[in-house]
Structures are given as structure tokens and as C-alpha cells.
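Working notes, beginning with the structure itself.
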Amino acid sequence: MNVADSAPAMNNLIGSDADSQRTLYPYVTGTSVVGIKYKDGILLAADMGDYLACHDSGSYGSTLRYKTVERMKSVGKHSIIGASGEISDFQEIMRYLDELILYDNMWDDGNSFGPKEVHNYLTRVMYNRRNKFNPLWNSLVLGGVKNGQKYLGTVNMIGVHYEDNHVATGFGNHLSRPILRDEWHENLTFEEGVKLLEKCMRVLLYRDRSAVNKLQIAKITEEGVTISQPYSLKTFWNFAAFQNPTVGAEGSW
Amino acid sequence: MTKQQANWSPYDNNGGTCVAIAGADYCVIAADTRMSTGYSILSRDYSKIFQLADKSLMASSGFQADVRALQKVLAARHLVSYLSFIYQHQHNKQMSCPAMAQLLSNTLYYKRFFPYYAFNVLGGLDSEGKGCVFTYDAVGSYERVGYSSQGSGATLITPFLDNQLKSPSPLLLPAKDAVTPLSESEAIDLVKTCFASASERDIYTGDKLEIVILNASGIRREYLELRKD
């Protein structure tokens, strides 16, 4: 890549034929992941839908192509990852992580990577790909428990990362974080945590057009990882205002 | 076939403000703890202050991923100097603040053609124990000053500091001391006032203020709650 092409005009950077190998836009994407700390560990929620983008020279909308995509996976003994964005890039991240954990196990030294280490590794991977202008088009949530310490962090495709008591990707940042800021507290029980996550996911279901009503909840505690079977949330659409929305509006039929 | 344009930017602005004030025998470095993107708040409790050496602290705002990478690079360079020797072992001492200031400048300029989107203030004590503050732009242009502010609230804070601290012109001969005659506690109060004001009008500044005070007896931290809106 020509150094002189860099700073001012960004569109010069994605130019030559040699660049046909880099990510230009995502094709198959998953939507928000929401995560919270609770009394015994971490809870993550994500739906199972993936949308296929329909591109020609611009965007044409998208179709719900896959309805059983596991967007949350366990990583080693102590962590769990949830991904939104391009699913093929998530699969590649899983290959990186599997290799990381394999090498960690091969040391056979009684130590194993906790969530903090995995999150740091992921952050470096994402940032380095961004530096090469070939990002992994994902926003990731990384949570876990090690030696009683709970950890929950997130990192996105350009390397922006942080940890907090509750995190969310994509639309979750706009719709779920405010709910969590209001209702999250230390020492949520498992049932309370799930209820809180379901509240967040329900709002996303109503308001995020790429959300689908088939979700999983993942739990990680000192004992290990459990990912629930897929299930759906109860929704209510019978509001009076939606029955005949254009009644009374000037010029409508 | 039209060329595909880039539809993502490698940069983002995660906001926040940093301030540093140099005193006769202390240095105050402060930054808010809010991290934002667009109109959303990502975290209300993210520290922008990083200790580079015994007597050097850096406060940085801008693009968080670049700030973090910069912090890691500088920490590594402090540990391992250019020829892969440990700086402390090679030079038999910790890096002084002015030395770190030069290192930061060079590190930033190294990426002149794909910059770290980081706006830094370096604060600490020089080899004589006097407070020193260095202020930077994104590509490493720097100078030693008596006080500085960087980040989203800098335009609101700098004029106020100019009014209160009235640094003598660097063009004067003989050179006049840039450090403020204010006491440590007065400087801390001034910093708190700066951030309370900036939080009123700058949407990216708020939540909490982290103040680090460096003096002969060591290092200490203070916190102040700021507006959360």
C-alpha cells in the first residue's frame, strides 16, 4: 500500500487490485449482543438470526438468511464470547482463539488464560487488523469468571474497547444500556439477571429491524459455561394506535 | 465499474478532556472518565491517565484504541530502549519527564502518515523536582508550558486557565518561569472548577473527574463526581 495514499483522502486507500482481498463491507451479519455481571458470574444474550446483505453497487436491503446461528461460544475454561457483525469473521476469530487456548494448554503449567487475557488478545487482534485496513467486521463481548473475579468487556472492529458491569453491541448500546443503567445492580440473582436481559432483548425485538424472536442466554460462573436452548419472547402488538394507524391523518387512506 | 469507496473509518472520537498544571514543586494531571461514541456513552468510568514512569503521567483523549496502543508502546519503550536494552539498566535511572516528553513526540511522529488520533498532555516533575507540563498535537509537535488542556472541552477550559494562571510570554528574556505560583490545593480547586464548567456545556465531558497529583512525597489520586447528562 502506498504510504503517500494515506492520511487525507480515505477513499484512495481502498484502491488497487491488490486490495481485492480485504473486507469492504459485511455480507452476513448478526445484531446486538447484551451482557451483564450478576451475583455468580456473567450472563450474555443474543438472538440467532443472521441477515444476508444484498449488494450490487450499493445496498439493496437484506434478507433473513440464517435462523440458527450460535453467536455465543465458550473460550477456554473461564470465558465466553458473543459476536455481532460479520459471521465469517467471527468464525475466523474463533479459529484464532482456539489456537490461543491450544497453545495455552500446551504449556501445561497449571495456569490458564482468564477473560482479561482473552479480551486483551482480542483487542490487539482487532486493532492490528484495523491498522492494516482489513478489519474483522465484528463487535465482540467477552465475559468470564476466574478465581472468583468477574470480568465483562467489549471490543469492536476498530479496536475501541472497555469493560463495565454491563455491555452491549450495536443497537444494544442505544436501547439496552439505558435500561441496564437504570435497573442493574450488584448481586442480581440468576432469575433477576435473565429477566433483565429479556427486558433488553424484548425492546430490541420491537425496535431493531434486524432482531429475530429466537434467542439464547449464556451463563458463565466459576463452575463453567451453559448456553441455553433457543427460545422466544412473548410480545404484544395489539396496541390501538397500530390497528388503524392512518385513521385521522390528513391525506391518508 | 466504479471504484468501491471506503465505507468505514479507521478513526473514531471517544471524547473527553484532559488538563495539566505545573507548580513549583508539584504537578496536577486531570481527566474526566467518560468514554463516548457519537451520541452514546460507552463507559462512565474509563481512565485516560496513564503512568509512563516514576515522575511522568500522560493524560490522553481522542480515539481510545489509538490512545491505548500509544500507552502500551511508550511503556514498552521505557522498559526497552531503542537498542533493546532496558532503559533503566542502561541509564541507571528512570526516564525523566523531559526525556519522556521527547520520546512521546518521536513516537507520535513515527506514525506521521497514519497518526495516532490522540491528544496528549504529559505532566510530571523534572530532574530538579519542579512541575512540568508538555502539550502535544496528534503528530508529535510539542512544547513545555505551565499548564495545558486537550480534548473536547479544551476550547472551554483553555481561555479560563489563561485568565487564572496568566503564564508569562515564552518570548521574554531572561526566560520567566512558566510554573504557577499557586499552591497545590489551589491548583486542584482550579482544576475542579474547570471540569465542572466544561461538563455544563461539552456533551462529551462529565461523569467523573480523576485528578492525579505528583509531588516530592509521591503520587496520589482524587476523584470528583461530575454531571452525568
Side-chain angles (χ1 to χ4, degrees), chain A residues 1-17 19-20 22-26 55-59 120 123-124 126-135 137 139 153-175 177-178 181, chain B residues 1-16 32-48 60-73 75-76 108-118 137-140 204 206-208 228-229:
Chain A
M1 185 173 80
N2 221 333
V3 156
D5 281 347
S6 321
M10 278 305 168
N11 42 25
N12 276 353
L13 291 153
I14 322 278
S16 67
D17 309 305
D19 303 334
S20 64
R22 54 168 57 147
T23 305
L24 297 174
Y25 39 74
H55 282 273
D56 41 27
S57 51
S59 195
N120 189 57
T123 303
R124 289 303 111 215
M126 302 301 273
Y127 183 70
N128 275 285
R129 290 288 297 255
R130 162 262 185 201
N131 282 347
K132 294 191 271 197
F133 281 89
N134 186 201
W137 210 290
S139 290
T154 180
V155 57
N156 73 6
M157 66 186 258
I158 50 173
V160 172
H161 61 281
Y162 59 97
E163 48 164 315
D164 209 334
N165 295 320
H166 44 79
V167 296
T169 66
F171 265 93
N173 257 316
H174 294 100
L175 299 172
R177 288 305 286 294
R181 286 206 177 100
Chain B
M1 166 85 137
T2 45
K3 208 191 278 184
Q4 173 70 24
Q5 306 288 19
N7 45 19
W8 66 282
S9 168
Y11 291 112
D12 189 13
N13 188 355
N14 302 116
D32 69 327
T33 62
R34 172 177 287 178
M35 189 169 123
S36 352
T37 179
Y39 285 115
S40 299
I41 295 176
L42 294 175
S43 175
R44 295 193 190 273
D45 196 11
Y46 188 84
S47 175
K48 298 183 186 57
S60 323
S61 69
F63 173 45
Q64 186 258 357
D66 272 349
V67 167
R68 189 77 193 100
L70 181 64
Q71 290 170 351
K72 282 176 168 252
V73 164
L108 290 167
Y109 197 80
Y110 194 75
K111 288 214 345 132
R112 170 65 178 79
F113 299 109
F114 184 18
Y116 289 112
Y117 191 79
D137 71 1
V139 286
Y204 299 109
D207 290 329
K208 204 164 71 173
K228 302 192 184 316
D229 63 359

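Model, not experiment: these values are computed from the prediction. Letters A, B, ... are given to chains in the order of the sequence lines, protein chains preceding strands, and every chain is numbered from 1.
Counting heavy atoms from C-beta outward, B:Lys111 and B:Leu70 have side chains that stay 4.5 Å or more apart.
Checking A:Tyr162 against B:Gln64 by side-chain atom types alone, no donor-acceptor pair falls below 3.5 Å.
Applying the salt bridge (charged side-chain N to carboxylate O under 4.0 Å, His left out) test to residues at least two apart or on different chains, the pairs with a partner in residues 34-43 of chain B are B:Arg34-B:Asp207.
Both the backbone and the side chain of B:Ser43 come within contact range of chain A, each with at least one heavy atom under 4.5 Å from a heavy atom of that chain. With a 4.5 angstrom heavy-atom cutoff, B:Phe63 touches chain A only via side-chain atoms. Using a 4.5 Å cut-off between heavy atoms, A:Met126 makes no contact with chain B at all. Of the two parts of A:Arg177, only the side chain, counted from C-beta on, holds a non-hydrogen atom closer than 4.5 Å to a non-hydrogen atom of chain B.
Remark: B:Tyr204 engages no residue in a ring pair (Phe, Tyr, Trp, His ring centres under 6.0 Å) (not counting sequence neighbours).
With respect to chain A, the highest number of heavy-atom pairs below 4.5 Å among B:Asp45, B:Ile41, B:Thr37 belongs to B:Ile41.
For B:Arg44 and A:Asp164, the salt-bridge test fails: no basic side-chain N is under 4.0 Å from an acidic carboxylate O.
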